[in-house]
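Since the structure comes first, as structure tokens, the remarks are kept for the end.
The model shown is predicted, which means the values in this text are computed figures rather than measured ones. Residue numbering restarts at 1 for every chain, and letters A, B, ... go by the order of the sequence lines. For the numbers below, each heavy atom of this structure counts, side chains included, while hydrogens, waters and symmetry mates do not.
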Protein chains: 2
Amino acid sequence: MKPKPKLTLLAETFNVSVATVSNALSGKGRISPELAQRIRDGAREIGYVPSSAGRALRTGRSGVLGLVLPDISNPLFPQIAQAIEQAASTRGYGVLIGDARGSTEGQSQAINRLLERGVDGMLVIPRRGTRVTDIGRPLAMIDSPSTPGNTVSADHHDGGVKMGTYLAELGHQHVLIVAMSSRSIVQADRIEGLKQGLGEQARVELIFTEDLAEQDGAVGSLGLADYVARGVTAVATLSDLTALRVLTELQGAGFSVPDRVSVTGFDDLIWSSAITPGLTTMRADMAEIGRIAVEALVKSIERPDQAERTESGTVKASPDRVAMELLVRPSSGKAGHSEVTS
Amino acid sequence: MKPKPKLTLLAETFNVSVATVSNALSGKGRISPELAQRIRDGAREIGYVPSSAGRALRTGRSGVLGLVLPDISNPLFPQIAQAIEQAASTRGYGVLIGDARGSTEGQSQAINRLLERGVDGMLVIPRRGTRVTDIGRPLAMIDSPSTPGNTVSADHHDGGVKMGTYLAELGHQHVLIVAMSSRSIVQADRIEGLKQGLGEQARVELIFTEDLAEQDGAVGSLGLADYVARGVTAVATLSDLTALRVLTELQGAGFSVPDRVSVTGFDDLIWSSAITPGLTTMRADMAEIGRIAVEALVKSIERPDQAERTESGTVKASPDRVAMELLVRPSSGKAGHSEVTS
DNA sequence: CGGATCGGGTTAATCGTTTAATCGGATAAT
DNA sequence: ATTATCCGATTAAACGATTAACCCGATCCG
């Protein structure tokens, strides 16, 4: 029916050159204010939408960022994706997703796919322990402050400290930490922080669900009853997902939470506030992290000279870490009667 | 350092025209097999990557699909996004995400953003009750089979029937259905199916958490104890998220699950198998749904003449629904003693 | 033996936008 | 009056890939 409006169409209807139209729309060249306004009005009226392909070809920039995730099925992903999509679209960028599907080569493939699509820069949440090779384009990394090349992330260590301190103040002297993977830097930092916050005198035990999976299958029991019998008064997990598992296992075994055992998580996943008892957890301001990461990345794209880089070549941001916030909910309370029995 | 390899560079090193190089790489024109092979080898060696902008400009296609979601923070999202990203990348397409942020105008904005970025087609998971206006490009909709214009989706009604039948077979005659929104077509279909599966003789009660939120706040109690006291032996929820809320509330109130009350969910969210007791739920094969949706959409993009459309103008797929699968886990069991007390 | 066919390339136009260089005329400075 | 300045707009050259049209020599066919 009607031809897709392009610059030439606009130029014809106003009897000016395409350059003038372009200038009017971008506000860059020299053009009389009235004409510029008329052209802009006309453009809006006929529903002109600039061709991203044409523009990308000319300017060398696509206006698209790549977001690489270790595994989309990770329940933390929605928070991150939402924060980044929002931050990016605010700055006029689109977000192309790439799923590493849990493997290292999947991560490289995802990165390559995004590069082939011409992204201007990339945000990578690396698979644990992965080093991302230079991609010839600005790259922001979101992992943990202690990761080399980290652009910005939650301060997981600090989060651990806060949680540990909180538990210590409640009188918990014998705590079980349930982690998932021993290779995750994020988790290692949280563990470190937890221990520090709990203090020297506290007795701390540590298990990895990853190890147990080999014996019992992924859905097996964690054998928490034994730990409680041995005097554990609090189970600090490194993820709400694990906390949920712990919580329901304890409740199912007849241990009251938090009266007998306190349970804490990390990340404030969506269900954490809806369950009974509500889960005490640490929340990171993902929107802020997304904002900082995108901002640093975009700056590095648009003004490469002004942008700082880490030694690893990734984009540098400041601040490079965002404090975590303790959310106290009913799943945690004072260390109780179990010490009496022990 | 080294110039970005483009077709002209390749053409120079082989002393042929760019057209020949293009043909060699695409395998389209007439060219001697050996020369084609040599060029392809050379291209790989120097790491040639075609400019997506140049190609898009010339061909009029970007190779990117838009994925519009009602709200990324929805925990069902990871499954869908993963399925679609995988299906799309298999067919050589990228996926640009657009978050409607829970509002109708947000949905339109997201769609427009994606259109401006030049997506070749769009996958929309519509916000409940929304009609998507014609966008001038192929559009696949994933909602529920009863939604006009639906391209493909899980057969939510059938899932409800299966779950209802299952509960009926266990002897549950008095069932509480906990839904979230009364405006969701997906949930309406599930409810319809559940009632049908439970049978005429069953006594069914229905509540919407959406309504309760106004009174008690989002995290308030659902008042399940009353229902159980009145003889409810099973609580069938329309989402694992709700099921989790129900399960923990019941356990916290001292009701044994499933001995006293059975609890079931929908969607098999990631934690459903990890909690205690494991959650009986209905799973949809999201990978299959993603595959079908992407396939139909891509077909409509690449061969518009062969592709069928619904009356709403959306892309038609066959099959247009995917059966849901019942996953029986320990959270459900035979109707028990509560009927005795009532 | 003359024309048609075919294989293996090349030429050149084109996609839509941006932008450096330029141009014509009016105005200001000398 | 001559030159410099400046404004408002135009011209034209890119950006990188695709593809219709064409070209030339060799082969085929009747």
Bounds of contact between DNA chain D and chain A, in 5' to 3' order, using a heavy-atom cut-off under 4.0 Å: D:dC7 to D:dG16

Answer yes or no: is there an ion pair linking A:D41 with A:R44, defined by an N-O contact shorter than 4.0 Å? yes

Nearest-0.5 Å distance, CG of residue A:D99 to CD of residue A:Q107: 10.5 Å

Using five pairs at either end of the helix from C:dC1-D:dG30 to C:dT30-D:dA1, determine the angle between the two local helix axes and round it to 10 degrees. 50°

Nearest 0.5 angstrom please: A:L25 CG to A:I31 CD1, how far? 9.0 Å

Does this structure show an ion pair linking A:R113 with B:E85, if we count only N-O contacts that are shorter than 4.0 Å? yes

Just how far is it from atom CG of B:L65 to atom CZ of B:R137, taken to the nearest 0.5 Å? 12.0 Å

Taking atom CD1 of A:I84 and atom CD1 of A:I125, what is their separation to the nearest 0.5 Å? 5.0 Å

A correct 5'-to-3' footprint of nucleotides 16-21 of chain C, with B, S and - meaning base, sugar-phosphate only and no protein heavy atom under 4.0 Å, is BBBB--

Evaluate B:V132 against B:L139 for side-chain contact (heavy atoms from CB on, under 4.5 Å), listing each step before the verdict. CA-CA 9 Å; B:V132 178; B:L139 185 153; 3.6 Å; yes

The reported gap from CG in B:D120 to CG in B:L96 (rounded to nearest 0.5 angstrom) is 11.0 Å

Under 4.0 Å between a side-chain nitrogen and a carboxylate oxygen: does that hold for B:E295 and B:R291? yes

Nearest-Å distance for atom pair CG/C1', residues B:N15 and C:dT10: 13 Å

Donor-acceptor pair between A:T20 and A:S17 side chains, under 3.5 angstrom: yes

